[in-house]
Amino acid sequence: MTRKAGKVLVVDDYEANVRGLGKLLEQANYTVLTATNGRDALEIVERDRPDIVLLDVLMPGISGLEVCAKVKRGADTRLTPVVLISGEHERVKRLAGLEAGADDFLNNRWTPRSCRRACGR
């Protein structure tokens, strides 16, 4: 039996992105958890303790920046790596992401290689 590479939470309000990233990560032997909004993402982080969170910046309701900040403020979750997904030319959002505690960024036009790099493989 092959050992799983880790548990990744993919958060994006656009279902096609969730499916695409999820499929790629499953092929790389990750256990994939998904959420389509910030509220559900925070619940999953608390309940399932993923090894890493891939998080879209722009979402309705609780934004990715707010989710990142809450994860990083949590006593039990602050060490969870958070990779924000944003456009390559969104400098202001990237700076805000760093202030929120983001560990890395993934371009929203990700490639399989960039996704695996962000997850540490």
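These numbers come from a predicted model, not from an experiment. The chain is numbered in sequence order, starting from 1.
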Inter-residue atom distance [X].[atom1] - [Y].[atom2], 0.5 Å rounding:
| X | Y | atom1 | atom2 | value |
| --- | --- | --- | --- | --- |
| Phe105 | Leu54 | CZ | CG | 13.0 Å |
| Leu25 | Gln27 | CG | CD | 9.5 Å |
| Thr34 | Asp40 | OG1 | CG | 9.0 Å |
| Leu84 | Leu106 | CG | CG | 10.0 Å |

Side chains of residues 12-19: which donor-acceptor partners sit under 3.5 Å, not counting sequence neighbours?
unit_1, atom_1, unit_2, atom_2, d
Asp12, OD1, Tyr14, N, 2.9
Asp12, OD2, Asn17, ND2, 3.0

Could you go step by step and tell me if Val53 and Val45 meet the side chain to side chain contact (heavy atoms under 4.5 Å, CB included) rule? CA-CA 8 Å; Val53 179; Val45 167; 4.0 Å; yes

Indicate yes or no: at least one non-hydrogen side-chain atom of Leu9 is less than 4.5 angstrom from one of Asp48.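 A side-chain contact is absent here, since even the closest heavy-atom pair is not under 4.5 Å.
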
How about Val11 and Asp56: do any of their side-chain heavy atoms sit closer than 4.5 Å?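 SC-SC contact between Val11 and Asp56 ruled out.
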
Please evaluate residues Tyr30 and Leu24 with respect to the criterion side chain to side chain contact (heavy atoms under 4.5 Å, CB included), reporting the C-alpha separation (whole Å), side-chain torsions for both, the decisive distance (0.1 Å), and the verdict. CA-CA 9 Å; Tyr30 284 95; Leu24 175 70; over 6 Å; no

Which atom of [X] lies closest to which atom of [Y], heavy atoms considered:
| X | Y | result |
| --- | --- | --- |
| Val57 | Ser86 | CG2-CB, 3.7 Å |
| Val67 | Gly38 | CG2-CA, 3.5 Å |
| Ala35 | Ala41 | CB-N, 3.8 Å |
| Cys119 | Ile52 | CA-CD1, 3.9 Å |
| Ala100 | Cys68 | O-SG, 3.6 Å |

N/O donor-acceptor pairs under 3.5 Å from side chains in residues 70-83, not counting sequence neighbours:
unit_1, atom_1, unit_2, atom_2, d
Lys72, NZ, Arg78, O, 3.4
Lys72, NZ, Thr80, O, 2.8
Lys72, NZ, Asp103, OD2, 2.7
Thr77, OG1, Val71, O, 2.7
Thr80, OG1, Thr77, O, 3.0

Go through the structure and list residues passing side chain to side chain donor-acceptor pair (under 3.5 Å) with Glu66, not counting sequence neighbours.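 Counting only residues at least two positions away or on another chain, Glu66 forms a side chain to side chain donor-acceptor pair (under 3.5 Å) with Ser63.
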
